[in-house]
Amino acid sequence: MEQATGVLRGSTHDDVVLESIQFNEEIRGIMAPAPAPENASSFTALLELPPTQAVELLHSPDCPAADREPPCHVSTNQKPYLLCSYGGNLTFPSNAALIERAAKFSVFAGENSPPEDAARLAPVAVSGVVKNEPQETDSNPSSTQGCVSDPAVDTKNQKTAKRKEREKKGKGSSKKSKSVADECSGDGEKLPYVHVRVRRGQATDSHSLAERARREKINARMKLLQELVPGCNKISGTALVLDEIINHVQSLQRQVEFLSMKLAAVNPRIDFSLDSLLATDGSSVMDSNLTSMASPVMWPENLANGNRQHFQQHWQFDAFHQPLWGREEANHNFMTPEHSLLSYDSSANSASLQSNQLKMEL
Amino acid sequence: MASLESIINAPEPSTNNPETTSPDSDSNPNKRRKIGHRTVAADASLNHLHWTSQSEQQIYSINLLRTLRHVLRRNPSPSTTASKPRQVRYAADRVLAAAAKGRTRWSRAILSSPPPFNNRRMLHKKAPAARKKVTGLRSMRNGTEKKKLPAVQRKARVLSRLVPGCRKLSFPNLLEEATDYISALEMQVRAMTALAELLAGGGSPSGLAGESLS
């Protein structure tokens with residue numbers, strides 16, 4: 001961090017050049033473990049730089065990264081700090097795979113001439129890239145500064161690995177991403193921008209892109225629903241899947257209705273002391289609006305009656321509970337004391353302990 | 001599971017905000033679109049894990065038991081009346097909605113809905129009026145050409161009526177609510193079957209349990 005601040009303090013042109021040197025060294029260090037087969041080195045190096053310097057370096061001689069010998073070394077942690085200080089619509093990946101992907105797919109906001117590596121791609125894609133640039137600047141009116149976060153980078157890495165595979169398999173289709181991601185360090189899972197895959201020959205105006213994004217959203221949700229509802233995996237088509245979903249919801253609601261009828265038919269003379277057993281630790285449970293009506297009044301009455309003979313039967317009743325529910329680790333606070341209570345043998349000691357506890361509560 | 005639940009609890013406010021602001025962003029397609037694709041899968045998987053966890057079911061069962069006691073205590077009439085199952089159903093739904101901790105629309109709608117009203121006179125008044133309206137519309141429609149909405153939209157409307165509180169919801173949000181609602185309903189059915197089996201059918205396997213309850 002000290003080196004970085006030292007770099008930033010200088011306001012001369014030399015310092016600016018120094019920064020670029022550090023970045024290039026940084027990038028070389030990153031790219032060494034995962035060398036890109038394409039000539040992406042010079043291009044990817046540009047991605048690490050702010051737009052002005054990138055344009056400078058573009059017009060400078062090729063492979064600037066190979067030539068310079070950097071005087072100082074900036075650690076990875078400092079880089080995001082430096083990069084965040086510049087505004088811009090750039091991705092700031094800290095991995096070679098990401099750099100590669102960004103090299104292929106991303107578009108610079110301030111750049112007008114296609115980079116030298118883009119010539120490697122199909123000419124249509126390049127022209128599409130050029131065409132898309134002004135639109136991109138329009139569609140990204142406000143650029144937020146972002147810092148790279150590791151979980152986002154990791155998930156992105158997985159995605160880029162998949163995309164690279166797909167890209168290598170499908171030679172003809174050139175894909176490019178529509179928007180550039182600004183990643184916030186806070187929530188690693190959320191992107192403020194939507195990534196839309198635009199295939200070759202597809203319309204790239206904002207309406208169709210918006211529609212495509214909306215459709216992809218809907219399709220993602222439908223897929224989840226299909227997994228949830230049994231028997232929907234084989235059905236194709238939104239309408240039929242919706243039919244199945246509606247049937248499933250209706251059947252579930254009917255089951256609930258039937259079960260509520262069955263439960264209502266149960267003999268209501270259930271032991272009240274079980275209730276009081278649950279009440280001892282039940283303050284943390286969400287009982288605010290549901291059971292608050294008469295419960296605080298009722299329970300002291302029951303306890304005053306001293307239904308001790310019911311306690312022993314309760315232990316057995318709760319023991320019957322346990323094999324049904326399984327011995328799962330309960331996260332809720334109030335569950336564990338109950339389990340500890342349940343683990344007692346049904347004996348007078350436990351019953352008296354319980355009653356003492358309850359009386360203390362009162 | 002504990003770490004997963006902490007993850008569930010932490011980003012949930014942030015991931016739910018884009019859901020509520022998505023109608024605004026949909027109206028301005030040129031502006032920033034809030035939701036990334038990853039968040040849909042992440043949200044849904046978190047919700048699904050939430051409703052399928054054993055602890056959640058246990059908590060629900062216990063709460064349901066308590067509310068059932070209250071309902072049955074308040075209403076000690078013989079079980080021939082039709083209002084008791086309705087009250088039981090109402091209580092069960094409310095406990096389920098409370099278990100959702102108000103993160104979803106349907107849960108909030110359930111919790112804010114009034115208790116069932118058991119006055120039969122009102123029901124008879126409503127029915128003839130509704131019937132008149134329907135026949136009037138039908139005769140009109142037979143004369144003119146039938147204009148049907150696209151099938152998907154019709155079904156989406158039906159689904160929106162089934163899921164509480166989702167009448168005027170956009171289609172993707174409706175699907176999301178339906179996902180969570182289905183998971184919650186499945187948990188409710190599981191818990192209630194276990195309870196019903198325990199309370200009503202637990203006579204022979206364990207005689208002591210039957211004794212304590214009868």
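Chain identifiers are assigned alphabetically (A, B, ...) following the order of the sequence lines, protein sequences preceding nucleic acid strands; residue numbering begins at 1 within each chain.
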Quiz item: What residues, two or more places apart in sequence or in another chain, satisfy side chain to side chain contact (heavy atoms under 4.5 Å, CB included) together with B/R89?
Solution: A/Q253, A/V256, A/E257, A/S260, B/D93
Quiz item: Taking every heavy-atom pair that is under 4.5 Å apart, which of A/H248, A/K262, A/K223 has the most such pairs with chain B?
Solution: A/H248
Quiz item: What part of A/V241 lies closer than 4.5 angstrom to a heavy atom of chain B: side chain, backbone, both or neither?
Solution: neither
Quiz item: Mind checking what makes side-chain hydrogen bond (donor to acceptor under 3.5 Å, both in side chains) contact with B/R167, not counting sequence neighbours?
Solution: none
Per-residue contact mode, [X] against chain A (heavy atom under 4.5 angstrom):
| X | value |
| --- | --- |
| B/L68 | side chain |
| B/E186 | both |
| B/Y90 | neither |

Self-check item: Main-chain N/O of B/P172 paired to A/R221 side chain as donor or acceptor, under 3.5 Å
Solution: yes
If you measure from [atom1] on [X] to [atom2] on [Y], what distance do you get to the nearest 0.5 Å?
| X | Y | atom1 | atom2 | value |
| --- | --- | --- | --- | --- |
| A/I246 | B/K155 | CD1 | NZ | 7.5 Å |
| B/I182 | A/L225 | CD1 | CG | 5.5 Å |
| A/K217 | B/N173 | NZ | CG | 7.0 Å |
| A/L242 | B/Q153 | CG | CD | 11.0 Å |
| B/L64 | A/L263 | CG | CG | 6.5 Å |

